[in-house]
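Contents: one structure, followed by commentary.
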Amino acid sequence: MSFPLLTATAALPAVGAVATAAVPAARRTAAKWLALVVSLATLVLAIVVLVRFDPDGARYQLTESHAWIADFGVRYELGVDGIAVALLALTALLIPFIILAGWHDADPLETGSKRWRPTQGFFALILAVEAMVIISFEATDVFLFYIFFEAMLIPMYFLIGGFGDRAHEHGEETASTQRSYAAVKFLLYNLVGGLIMLAAVIGLYVVAGNFSLAEIAQARANGTLHMATSTERWLFLGFFFAFAVKAPLWPLHTWLPNAMQESTAPVAVLITAVVDKVGTFAMLRFCLQLFPEASKWATPVILVLALISIIYGALLAVGQRDIKRLVAYASISHFGFIILGIFAMTSQGQSGATLYMVNHGISTAALMLVAGFLISRRGSRLIADYGGVQKVAPVLAGTFLIGGLATLSLPGLAPFVSEFLVLVGTFTRYPAIGIIATFGIVLAALYTLVLYQRTMTGPVKPEVSAMPDLKARELVVVAPLIVLLIFLGVYPKPVTDIVNPAVKQTMSDVHKTDPKPEVEAAK
């Protein structure tokens, strides 16, 4: 038997989470280093997966399959396609930066406080989330995917509710109440989505007799499995609802601004750059592959919802007074672009959507982590409490600017390529929607530049006059992300070469081809 590489990639952070939690309470620094080493080792395994994956090979590679609950047709089945490999690599890449950025976020509070933050628990929970996200990308058994899709809510609940942002203007007691509210809202929204999906998973088993993604898709393709039109549509809606909550898609998005506002900056990055990607990934892997006809049937409504997310999220970002809520609403707008690309049903749109998942993860991490460093220095999330930072902390301001410019998809930075592909892919089939979606770019420029202007330029406010610039640890966090944003903005080919074959297979699943140009190119 070959080495179970995919299992090892998910199991290593899971074992590391247990080991980190078991470190004695007095050895907090040892727990931090253990978590960091485990995350780096997981990154090495993810790189091995990336190197061993052949974009032109079989659809699912490095596969593993073992009997699990045989009486109900449940198997432990893993496999990765190009889309899963790209997102697995993104997850493994971001976790070490998240751990480094949150190095002191779970240190004990000041003397006399009634609360003590268990440092070991904070880093163990981050590793636990990483393990569950990775296996969600790898799972090709629908029931196995569902278990970890739901299980990741538990560590996320404790990270939001138990390790919230210290920068709160209303005192510790009010902050604790708001953190609890945000955590419960996050959990309830996603649990409702998960319960509806569970009903659809059971319905799929009743119809198909097993949970194997490959077997069900193959049976549908060769005509040995028939679903009534109404049955397929109801099952599709059950899956899509859960993924739209996780994504998050308007109007199921309202949990995200609260969760990001009350979380520490690293946990906010974990939410929107890592966990939420499972929702959009699952739309490609499960909705389109298992329910191709229902996906095409629902496309007009989903495109309208995605368009609303783009414009609505951007408009609300413009009016925010809180830095974290601004980034949260900007992310809702960006997820609208991703879902728009997926359901445009063109190869450019879906390639752009997959690339957007990767690029959004990097750009949001860069912007939010630098914002977290800024907030920790001033002790406030309010935009109005800043001004003139670039004069006292130029490196911090510069990295903040690059993260912001990536968020507005400036040409030359990574998100531009993906957003361009999404818009081109949408315009070729739905020109009116593509034109309206373009206004999201204009609004992104508005909220990003206004944020930078109000916080970084102008007279130096007395409260920021002594603000230190980025330290060595913080530069180690931010610099590689900035380099990646520039590299993938200039040369996205390494990612597109991996995801394009998988996108072609997904297009084949839904029996769609790209529209022919109305005017043929001159010969």
Side-chain angles (χ1 to χ4, degrees), residues 90 93-94 96-98 100-102 260-261 263-274 276-277 313-314 317-318 320 322-335 337 355-378 381 383 386 389-390 393-419 440-441 443-457 467 469-471 473-490:
L90 171 70
L93 173 70
L94 291 181
F97 296 128
I98 288 172
L100 269 177
M260 289 186 66
Q261 178 184 12
S263 300
T264 64
V267 172
V269 171
L270 188 64
I271 295 170
T272 192
V274 177
D276 287 354
K277 297 300 187 299
V318 171
Q320 292 304 308
D322 184 296
I323 296 174
K324 288 186 177 180
R325 288 185 73 88
L326 187 151
V327 178
Y329 280 109
S331 290
I332 291 169
S333 181
H334 296 151
F335 275 103
F337 276 109
L355 188 61
Y356 211 140
M357 292 186 225
V358 175
N359 292 337
H360 172 263
I362 299 171
S363 63
T364 299
L367 179 60
M368 180 58 85
L369 292 178
V370 176
F373 298 147
L374 178 70
I375 292 168
S376 67
R377 283 161 165 74
R378 172 66 177 83
R381 301 190 301 253
I383 297 173
Y386 296 88
V389 174
Q390 67 180 12
V395 177
L396 188 155
T399 53
F400 190 81
L401 177 61
I402 295 174
L405 293 176
T407 298
L408 64 82
S409 298
L410 183 76
L413 297 176
F416 169 76
V417 181
S418 44
E419 199 162 281
I441 302 176
L443 293 171
L446 179 61
Y447 62 68
T448 300
L449 296 178
V450 168
L451 171 65
Y452 183 83
Q453 181 185 41
R454 291 179 178 176
T455 56
M456 301 295 165
T457 65
M467 181 177 289
D469 214 334
L470 292 183
K471 301 174 182 177
R473 172 180 60 86
E474 296 165 335
L475 284 171
V476 169
V477 171
V478 176
L481 298 175
I482 299 298
V483 170
L484 276 174
L485 286 175
I486 297 172
F487 175 78
L488 292 178
V490 176

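We use all heavy atoms of the structure for the numbers below, so side chains are in, but hydrogens, waters and symmetry mates are not. Note that the coordinates shown come from a computational prediction; the quantities given were computed from them, not determined experimentally.
Atom CZ of R454 is surrounded by 12 or fewer heavy atoms from other residues, nucleotides or ligands within 6.0 Å.
Under the 4.5 Å side-chain criterion, counting only non-hydrogen atoms from C-beta, Y386 is not in contact with L451. At least one side-chain heavy atom of L369 sits less than 4.5 Å from a side-chain heavy atom of L481. The closest side-chain heavy-atom distance from L405 to L401 is below 4.5 Å. At a threshold of 4.5 Å between non-hydrogen side-chain atoms, the residues M368 and K324 count as touching. M260 places a side-chain heavy atom less than 4.5 Å from the side chain of T272. The shortest side-chain heavy-atom distance between I383 and L326 falls under the 4.5 Å cut-off. For the pair V417/L488, no side-chain contact is recorded, criterion being any heavy-atom separation below 4.5 Å from C-beta on. In this structure, the side chains of I486 and L413 come closer than 4.5 Å at one or more pairs of heavy atoms.
Rounded to the nearest 0.5 angstrom, L485 CG and L410 CG are separated by 11.0 Å. Atom CG of residue L100 and atom CZ of residue R473 lie 7.0 Å apart, to the nearest 0.5 angstrom. Atom CG of D276 sits about 8.0 Å away from atom OG of S331, to the nearest 0.5 Å. Put simply, CG on L367 and CZ on F400 are 5.0 Å apart, with the number rounded to the nearest 0.5 Å.
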Decide side-chain contact (heavy atoms from CB on, under 4.5 Å) for V370 and I402; before the verdict, give the C-alpha distance in whole Å, the side-chain angles of both, and the deciding distance to 0.1 Å. CA-CA 10 Å; V370 176; I402 295 174; over 6 Å; no
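Without hydrogens or angle criteria, E474 side chain to K471 main chain gives a donor-acceptor distance under 3.5 Å. Checking side-chain atoms of T364 against main-chain N and O of G361 turns up no donor-acceptor pair under 3.5 Å. Side-chain atoms of R377 come within 3.5 Å of backbone N or O of F373 as a donor-acceptor pair. Side chain of T407 to backbone of G403: a donor-acceptor contact under 3.5 angstrom is found. In this structure, D469 contributes its side chain and L396 its backbone to a donor-acceptor pair below 3.5 Å.
Counting all heavy atoms, side chain and backbone alike, A406 lies closest to P415 at O-CG, 3.2 Å. The shortest non-hydrogen separation linking V477 to F97 is O-CD2, 3.7 Å. Taking every heavy atom of both residues into account, G440 and A314 meet most closely at O-CB, 4.5 Å.
In the model, Q390 has a side-chain atom that pairs as donor or acceptor with a side-chain atom of Y452 under 3.5 Å. Side-chain contact of Y356 with E419: a donor-acceptor pair under 3.5 Å is present, judged by distance alone.
Between H334 and H360, the ring-plane angle classifies as perpendicular under the 30° and 60° cut-offs.
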